[in-house]
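Numbers here are sequence positions counted from 1. No hydrogens, no waters, no symmetry mates; every other heavy atom, side chains included, goes into these values.
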Amino acid sequence: MSSHYTRPRADSRPLYSAANSRDASMDEEEFLRRRSDMYRRGSNMSEASFLADVDMAQDEMFSGPMSESVPTATSTFAYRRSRRDSDADFEFYDEELDADESLEEAIEEEDELGALERQGSFDASDAFMEPEVDLEEEGHVGNGYEVRNGHVRRESRLERKSSGVSKSSRGSRTSADTPLLRRHHSGGSDASGFRTGGRVSQKIYILTEDMTIVVAGFKTSLFGFALYLCVCLLTGGLGYLLLRWLPKWYVKLVGRTTQLAKCDWVVIENQWGEMIVQDMQKQVFGQSLSSVFGQSERNKMMDYDEYDDPIMDELRILDYRYIRFCFHPLKDKFVSGNVWKDPTWSNMDALTTVRAGIDSDEQENRERIFGKNEINIEMKTTTQLLMDEAFHPFYVFQIASILLWSMDEYYYYAGCIFVISVASITTTLIETKATMKRLREISRFDCDIRVLRSGFWRYVESSELVPGDVYEVTDPNLGQFPCDSLLLSGDCIVNESMLTGESVPVSKTPATDETLERISLSASAIHADVAKHMLFSGTKIIRARRPQDADINQDEEAAALALVVRTGFNTTKGALVRSMLFPKPSGFKFYRDSFRYISVMACIAGIGFIASFINFIRLGLEWHLIIVRALDLITIVVPPALPATLTIGTNFALGRLKQKNIFCISPQRVNVGGKLDVMCFDKTGTLTEDGLDVLGVRVVSRPANRFTDILTDASALLPGATYERDPTYDYNANKAILYTMATCHSLRIVDDEFIGDPLDLKMFEYTGWQYEEGTERGAGNATEDEDDHSLSPSVARPPPGLEYDLDEDQDSPNSRRPIELGVLKSFEFVSQLRRASVVVRQFGEKSADVYVKGAPEAMKDICKPESFPADYDDLLAYYTHRGFRVIACASKHIFKLNWLKVQKMKREEAESNLDFVGFIIFENKLKPTTEGIIRELRDADIRTVMCTGDNILTAISVARECGLIDRNAHCFVPHFEEGDAHTPLAKLTWESVDNPVYQLDEHTLKPLPPPAEHDSSLPYDVSNLRNYSIAVTGDVFRWLVDFANPKLLQQMLVLGQVFARMSPDEKHEMIEKLQSIDYCAGFCGDGANDCGALKAADVGISLSEAEASVAAPFTSRVFDISCVPSVIREGRAALVTSFSCFKYMSLYSAIQFTSVSFLYASASNLGDFQFLYIDLLLILPIAIFMGWTGPYRELSRKRPTASLVSRKVLTPLLGQIAICIVVQLVGWEAVRKQPWYQPPVIDRDHSNSHNSENTTLFLLSCYQYILSAIVLSVGPPFRQSMRHNLPFVITMFVALAISSYMLFDPAPWLYKLMELTYLSSVFKIFILVLGIGGFCCMYLSERLLFPRLAKAIGKGYVRVSGKVKKRKEYKEIIEKMRI
């Protein structure tokens, strides 16, 4: 059986003497650098590394299913990513205790390795092979992380390279650093031979979620629980609420720390501080250890007795966020439950010929371990949701406020707020239920599956499938795959757009023995060769076909079969649903800062509380009134509606984006869109049209070995009549390139229509040929003497009238034989090789031909050098410089080749010793909107970058055409002068693509002066050197990341405008590298190869037909880049709206706090309906419609601030508060001097609101509430001016009209309702003038005074403190590089 982790021991070293006996004079660091290329990880393969040291164990990880979804490569670069938990502080994790336990186990295992080495289990050949050894407690997970006793440590680059350190030196260092005397034993063993280990907590790094969790074990303390009940009862439920909001206190009070092996419940905490308490699932088990965790690789190598696989009496299971962990009693820790592999999955013959399946007992057992095959989202009951919502601090604060207002006889106001709160809770409840129901419907999939059990076929529900089941794929009732499986027989075409956003269907072929060897369920990324045979859960079946072998007659064996490897939430679909359920916290500072500000305001409320308390005691009021009044101040200063207003701008922005067919699954990313510094674009299908048109073909004419003129159609390429052909010309090369175009493609026929790669389709349409799809069969059933009649390959035929080969001798019997090209074997396009090939045979022939098409750069390694024309590179440069896409073709003839030999033929054998035959030229047109959008982004000072898998010269040409780089400036391209991408000491030369005389300094990337003899008065002259850019290929990028000076890498990142020949993984890593130098990076792409980059980017926009693709936060159904400025504009508008609304709500609470504080001086207060009018008829509509304003049509070079606690935001806000206080102070002082002044009557039991102070401050504050909204409504350059927001303008006019009506001539009923008192006509005008005067001061200060004051404060702070504001790193790099 496979082990839990298919990986080597961390301290296992290849035993070869070269490293130890190297020249002593060689500098060790230099030696390590030169060796390092042997161990550098491949871009797609999940490889483990041998090379690590024993000490410094830190964390644990497991690799779940999501990263294995073929196309994404999301997790491929975990080994290079900064670890998220480096500064996380975990409450329940005992690092020291864990470190001590790790030490003991690590030392024991080193001794075990010594025994292995003595037995000769390793030899020098193992040094560079995928390791198979897995010792009990430690090893590698791959990606440069080392699992050690429940911990993972990340290897430094030096450690990955340092193979030469001897075991003895390592051993002595271990002893010196961590003395053996510190070891302690963990307490004996039980009857089963398990350790009863002392581990009470464990740290686990979950790679696919990029999340670190800590699991700590507990039992309930009877004394603690009794104390908890007493606290809850004695405090009338307040203790319950407090401990509900602060679960850490609850755990400390009720829990008793217990070993993980014996605990009843666990606390799980992640690095974002989210914590849950969860019961441990325990089942009576009685099965062997290997049935859960797999058989360790060590057991395969050595003879162990049955005691090495003991019986587990109890199975302990932990499900966290639908990720299953099982407790391993020998390792004394939780390990992931999704990496188990059946020992029978060793060879295809065993799986396809033994037609038994698993029995019902085994199915039941596996279902207990892995759970049901269903993505069943647990839905909380309505009562639970209601409790969660009602006991949220916000609503508890509301309930407390309502009780407080009721005690103060503000019944109407309290009643209205109660109704609004109930409506809000009900709405949230309905929305949550609807969302969860919709997600359940999307994720849940049930159908009947025809499965093989105990040797018989039967129908079962898909939820009963378990790993190891064999089911029928060709069942007509099956529309999508219910689990992750391996195709065993037959073939399929599937739509994987759910995973990738890529609508081009993917072909799947039966797995091979090699596939079974390579499949690793614990790997971080699936191998490309395995992906071709994997059927992913949730992907749709376009077509499934039975194997067409003629010698098979049994019905059940003629079905296409698949083997279940993962079920439920362990599948790729499960991981995607999980990512929707548990999105990562955005970490956007605005929300954090807003709660900091609220806490400051709460402190001010506390000061007001104390001041009012003292004043009311001085006035001799009753105690109940003193307490109620003082507490009321807190409800005023911290407005209950504040959290809701923060999301108004975002919600309106989402609505406007939806109208433009841009959908978002991560609303918090909208605000982030307003801060973008750099936007990266894929080329094909994003900047340029998706479909490429064939411009023509350039064939190599023999024997002259020169390129022909461009042949624009198939009739010119291979004339159909003898009289049209030049008798002096050899048409074999023309024939080869035409046959390549007709056969070497990935097209499939479904419902009489071709589906597949658009480029392949255009190429095939150019030929005018017909295509009939066949079926390939595995090599296992073929025999040496089998003839063509028993086979069913795909066949390509020429169009009518061109059926015969004119080159055949007229007297030959073959001359009347029609051309029928059968595709015996195809090697699909692989991004690393950048080519595809087919083995083709003419019907009736014994010989065959190999046709290959691929990137021109890939041909040099596989073609005969003499077959290339002398002007190969020049012609390639000619077309790529002009933006054409060039595909090279090659072929070779094999004289005798039967079916069996074809099926056994390796790719390396087929794709070697070829003759180059010519170029296919594709025209790649820009999309109409591309140039304008790129110009708009550049004018807004948003850097634009192209990241493509295409040829570098084609990419530069397209970049110049769309204005992404300056047409008249130099673009420098690096190439290796010494070594290559795998050579640590390689040397790069940076030359201009237009004139190689111009070069860059290899260390600083600054232009070198041109040679003195060069005439620099030509088009690309010296002045243009100030505006240069650079273009980089994937292999140079790889070398810069792995081996170059970090400073050089950073300089390349700020100058690089074009990144060509980039693999999906390199695109992903490029985004992360840009983010590492403080760029806020976006990515816009359309295909599966962009998934990793789309997810890694701060703002990822996928051009896809899906309304919501899981590949990216944003999905645009308009297939051009016009969505990019829309997202940025809406992001900026939403960000500014959030700030405006926040400032307005803060100012509103400050105005009300001021009014009430002045009134409290004489024991007065605002009336019930006055509060109601202010809060519901003024503030609510103003706050809502304030956020209605749309984005400004032009993108500004200036960016909105994203920090709430910055002087730019706080200086104006505090200034506005000061102006409001002064205006109210003037009004309050003025009214007290009037002859008709009606003073408040102090009532010891009640507040008196019927007085002149109240009336004046209420009416004056109404103008302040309304007019301050106009002051804070920010317009250009981020939002439209206020006049475009009609609902807001109407609200302003209505509010001003009602307030002026109440001031000048209220109806008697309104006069009484609002508890107004007499004011003279002159004083009414004075209030109006005072309100308008205050507005003018606020408006002018906001626009003119406060921005300058904020700048002056900043300068003063720098002068006094000496601290300069930290600039973004990329800006400092650019500053240093300026010429």
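Checking side-chain atoms of R748 against main-chain N and O of E773 turns up no donor-acceptor pair under 3.5 Å. Judged by distance alone, the side chain of T708 and the main-chain N or O of S701 form no donor-acceptor pair under 3.5 Å. Between the side chain of E772 and the main chain of A796, no donor-acceptor pair closer than 3.5 Å is present.
At a threshold of 4.0 Å, the pair D871-R706 does not count as salt-bridged, since none of the basic side-chain nitrogens sits closer than that to a carboxylate oxygen. At a threshold of 4.0 Å, the pair K532-E828 does not count as salt-bridged, since none of the basic side-chain nitrogens sits closer than that to a carboxylate oxygen.
For T515 and T512, the side-chain atoms include at least one donor-acceptor pair closer than 3.5 Å. Between the side chains of S485 and Y471, at least one donor N or O lies within less than 3.5 Å of an accepting N or O. Side-chain polar atoms of D849 and S891 form no donor-acceptor pair below 3.5 angstrom.
Shortest non-hydrogen contact noted between H533 and T509 is ND1-O, 2.8 Å. Residues P798 and Q770 approach most closely at O-OE1, 4.1 Å, considering heavy atoms. Heavy-atom minimum distance, E845 versus R841: O-CD, 3.2 Å. In terms of heavy atoms, V470 sits closest to W457 at O-CZ3, 4.1 Å. Nearest approach of V839 to A848, heavy atoms of both residues: CG1-CB, 4.3 Å.
The 12-atom threshold is exceeded at CZ of R907, counting heavy atoms of other residues, nucleotides or ligands nearer than 6.0 Å.
When side chains are defined from C-beta on, N477 does not count as touching R450, because their heavy atoms never get closer than 4.5 Å.
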With a cut-off of 3.5 Å and sequence neighbours excluded, list every side-chain donor-acceptor pair involving residues 858-866.
from : atom 1 : to   : atom 2 : distance (Å)
K860 : NZ     : D873 : OD1    : 3.1
K860 : NZ     : D873 : OD2    : 3.2

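Checked against the 6.0 Å centroid criterion, the rings of Y879 and F922 do not qualify as a close aromatic pair.
Annotation: salt bridge (charged side-chain N to carboxylate O under 4.0 Å, His left out) contacts involving residues 879-890, sequence neighbours excluded, comprise R885-D950.
For the ring-ring contact (aromatic ring centres under 6.0 Å, His included) criterion with F764, the lone passing option out of Y739, W769, F754 is F754.
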Walk me through whether D915 and K892 qualify under salt bridge (charged side-chain N to carboxylate O under 4.0 Å, His left out).
CA-CA 6 Å; D915 289 307; K892 75 173 174 185; over 6 Å; no

